[in-house]
A.B. asks: 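Structure below; questions to follow.
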There are 2 protein chains.
Amino acid sequence: MGDPDGDLPDDFELPENVALAWGLRDRPSRGPKRSLSLEQVVATGIRVAQADGISAVSMSRVASELGVGTMSLYRYVPTKHDLLDLMADTAYGPPPSPRAPGEGWRPALTRWAEGNLAALRRQPWIRHVPIGGPPINPNAVRWMEYGFLALRGTGLRPTERISTILLVSGYARSWATTTGDLAEAAARTGQTPDEAGQRYWRQLAVLTAPGPYPAIHELMAEVGEEEETDEAEWRFGLDRILDGIEALVKARAAGQTQHQ
Amino acid sequence: MGDPDGDLPDDFELPENVALAWGLRDRPSRGPKRSLSLEQVVATGIRVAQADGISAVSMSRVASELGVGTMSLYRYVPTKHDLLDLMADTAYGPPPSPRAPGEGWRPALTRWAEGNLAALRRQPWIRHVPIGGPPINPNAVRWMEYGFLALRGTGLRPTERISTILLVSGYARSWATTTGDLAEAAARTGQTPDEAGQRYWRQLAVLTAPGPYPAIHELMAEVGEEEETDEAEWRFGLDRILDGIEALVKARAAGQTQHQ
DNA sequence: CATGACTGCGTATGTCATACGCTTTAATGC
DNA sequence: GCATTAAAGCGTATGACATACGCAGTCATG
């Protein structure tokens, strides 16, 4: 009970940054009181990133925003990269509501996928924070839990459930990155994303004109009028993935009943 | 004939970096001869990245590797980021063989997906070069062409073909990133990727023990013995995606015949 | 009340990308 | 053939930046 962190095996080695993220850092009993908290530092970093982009997040900027010296931040965070990592985990925000009792896996997983996309849209800078490895930060684990919840009882094997979650979240990140980069590049030259898209096709047409690009030319000839919304393109990819998963789930279910 | 670049509309505005990538830069007629070529600079950058990782690629490192002054590189490349962009495009290498006459779309697209993965494995640093936008560099366009070739005659609409290509290449990059990051993190602490994986699950078990993570606990209890190879996990995701596309292609084909 | 862990943080170091401008080179216009 | 002038190589300078180190002040504990 003296240990507010619950009972961890004392001999268990946890990387510094992970321990920090989970709030498992010791009572700093002896010295002067801290003037800040890790949460404040992270929140300030997020505010800077949100306002001026990730490239504006420097240790000195965050520090001065907090009214402290640059080096003081290193009392809260071992490295800038750890700060970014914590920022990303926090800024991702809470996952959408978990699969309700009686709800099918597909609507639940769809909601989960759209939650991922929404998070990356809300805080576009997150996609510039490199993924350090498998999900280990508290919020990432929470998201993972909800993802697995959606897949309970589908008959998918454990490794398949993991791959599925990875596939869907990877798609969300991929898609957010592609469209986000495009939008940012457009904004940098003062165009709307639509204009930038038009421009892209014009450039591509010019560049591929002299060369052997039959499939691209065919596509450009056909595309013309039909213009999809971003949302429809996102749904297209997601629906393909979910259709693929559904096919497997159904096959499994059929095999299962056969065996019974 | 005096124009070796072919006949581009003279009034057409192409961004500097794109023009550079396509070799559309003017006869530098007046001054002294260049001692290097853009290709040499790019190749040297790639060599450095391959040897010591992308963080070792600095303008001064590349320059000294070439035996020239740092600032000389700026006669070949407007910005470091443009150099990285060119490096990535070149290092990706040639796409796998295009769809053969009579070959189905699925084997062709599978080969294309695996080519993407192989490229990212051959030059792992590529995944740290941010994607600047839609594919516009020469090699990227070539890859895109081959991707569209695979989808010819599937009945997919143009925007759907684009989304499909994006979906598959995004998956390859996503997957290469996830597994690559894991492998690098493991190597940094001197472990094999397998050991790192074991370690991850142990850490996750400890961290989630006190909290409400039923789906994660369920998964960890089941997983135990069964160990998938990386290759099998990659195939799982790819097969799901392709199954989803196949379902759509078949549905289209059925609808088409109905209408005839 | 003294000890010493811990605080904030000033200073210093080393690394980078890149702006600027000088000197040398060589193709072009006369 | 000679003057002109664009372009090449590159030394130097600038301004960010992350972070190592160490010091002086603080405060719970023995």
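The chains referred to below are lettered A, B, ... by the order of the sequence lines, with proteins before strands, and numbering in each begins at 1. All values derive from a computational prediction rather than experimental measurement. Just so it is clear, the values below take in all heavy atoms, side chains as well, and ignore hydrogens, waters and symmetry mates.
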A.B. asks: For B/R121, enumerate each residue passing the salt bridge (charged side-chain N to carboxylate O under 4.0 Å, His left out) test, keeping only those at least two apart in sequence or located in another chain.
C.D. replies: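 By the salt bridge (charged side-chain N to carboxylate O under 4.0 Å, His left out) rule, B/R121 matches B/E231.
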A.B. asks: Any side-chain to backbone donor/acceptor pair from A/N116 onto A/R173? Under 3.5 Å, distance only.
C.D. replies: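 No; zero donor-acceptor contacts below 3.5 Å.
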A.B. asks: Mind calculating the distance between OH (B/Y74) and P (C/dC16) to the nearest angstrom?
C.D. replies: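 My rounded result for the distance is 12 Å.
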A.B. asks: Could you check whether B/R34 gets within reach of a base, just the sugar-phosphate, or nothing at all, counting any heavy atom under 4.0 Å?
C.D. replies: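 It contacts sugar-phosphate atoms only.
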A.B. asks: Can you list everything that forms a salt bridge (charged side-chain N to carboxylate O under 4.0 Å, His left out) with A/R127? Sequence neighbours excluded, please.
C.D. replies: A/D181, A/E184
A.B. asks: May I ask you to say what B/S72 touches in the nucleic acid, namely base, sugar-phosphate or nothing, with a heavy-atom cut-off under 4.0 Å?
C.D. replies: base
A.B. asks: State which residues pass salt bridge (charged side-chain N to carboxylate O under 4.0 Å, His left out) with A/E65; sequence neighbours excluded, sorted by chain then number.
C.D. replies: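 A/E65: salt bridge (charged side-chain N to carboxylate O under 4.0 Å, His left out) contacts with A/R61.
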A.B. asks: Taking DNA chain C as the partner, which of residues 59-71 of chain B come within under 4.0 angstrom of it by heavy atom?
C.D. replies: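 Here the set is B/M59, B/T70, B/M71.
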A.B. asks: Which side-chain N or O atoms in residues 77-88 of chain B pair as donor and acceptor under 3.5 Å with protein atoms at least two apart or in another chain?
C.D. replies:
from, atom 1, to, atom 2, distance (Å)
B/K80, NZ, B/V57, O, 3.0
B/D82, OD1, B/N17, ND2, 3.4
B/D85, OD2, B/N137, ND2, 2.9

A.B. asks: When you measure from the side-chain N and O atoms of A/R30 to the phosphate of C/dG4, is any distance below 4.0 Å, counting only OP1 and OP2?
C.D. replies: no
A.B. asks: Please list, in numerical order, the residues of residues 42-56 of chain A that have a heavy atom closer than 4.0 Å to any atom of DNA chain C.
C.D. replies: none
A.B. asks: Hey, mind stepping through A/Q50 and A/R47 against side-chain contact (heavy atoms from CB on, under 4.5 Å) and telling me if it holds?
C.D. replies: CA-CA 5 Å; A/Q50 177 84 29; A/R47 189 151 17 92; 5.7 Å; no
A.B. asks: Which nucleotide, C/dC9, C/dC16, D/dA18, lies nearest any side-chain atom of A/K80?
C.D. replies: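 My answer, after comparing the listed nucleotides, is D/dA18.
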A.B. asks: Between B/S35 and D/dG9, is there a side-chain N or O to OP1/OP2 distance below 4.0 Å?
C.D. replies: yes
A.B. asks: Are any of A/K33's side-chain N or O atoms less than 4.0 Å away from OP1 or OP2 of C/dG8?
C.D. replies: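 No, outside the criterion.
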A.B. asks: From A/L36 CG over to A/T44 OG1, what is the distance, rounded to the nearest 0.5 angstrom?
C.D. replies: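 Here the rounded value is 8.0 Å.
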A.B. asks: Just N and O in the side chain of A/Y76: are any of them under 4.0 Å from OP1 or OP2 of C/dG8?
C.D. replies: yes
A.B. asks: Output yes when a side-chain donor or acceptor of B/S72 lies under 3.5 Å from a complementary backbone atom of B/V68, and no otherwise.
C.D. replies: no
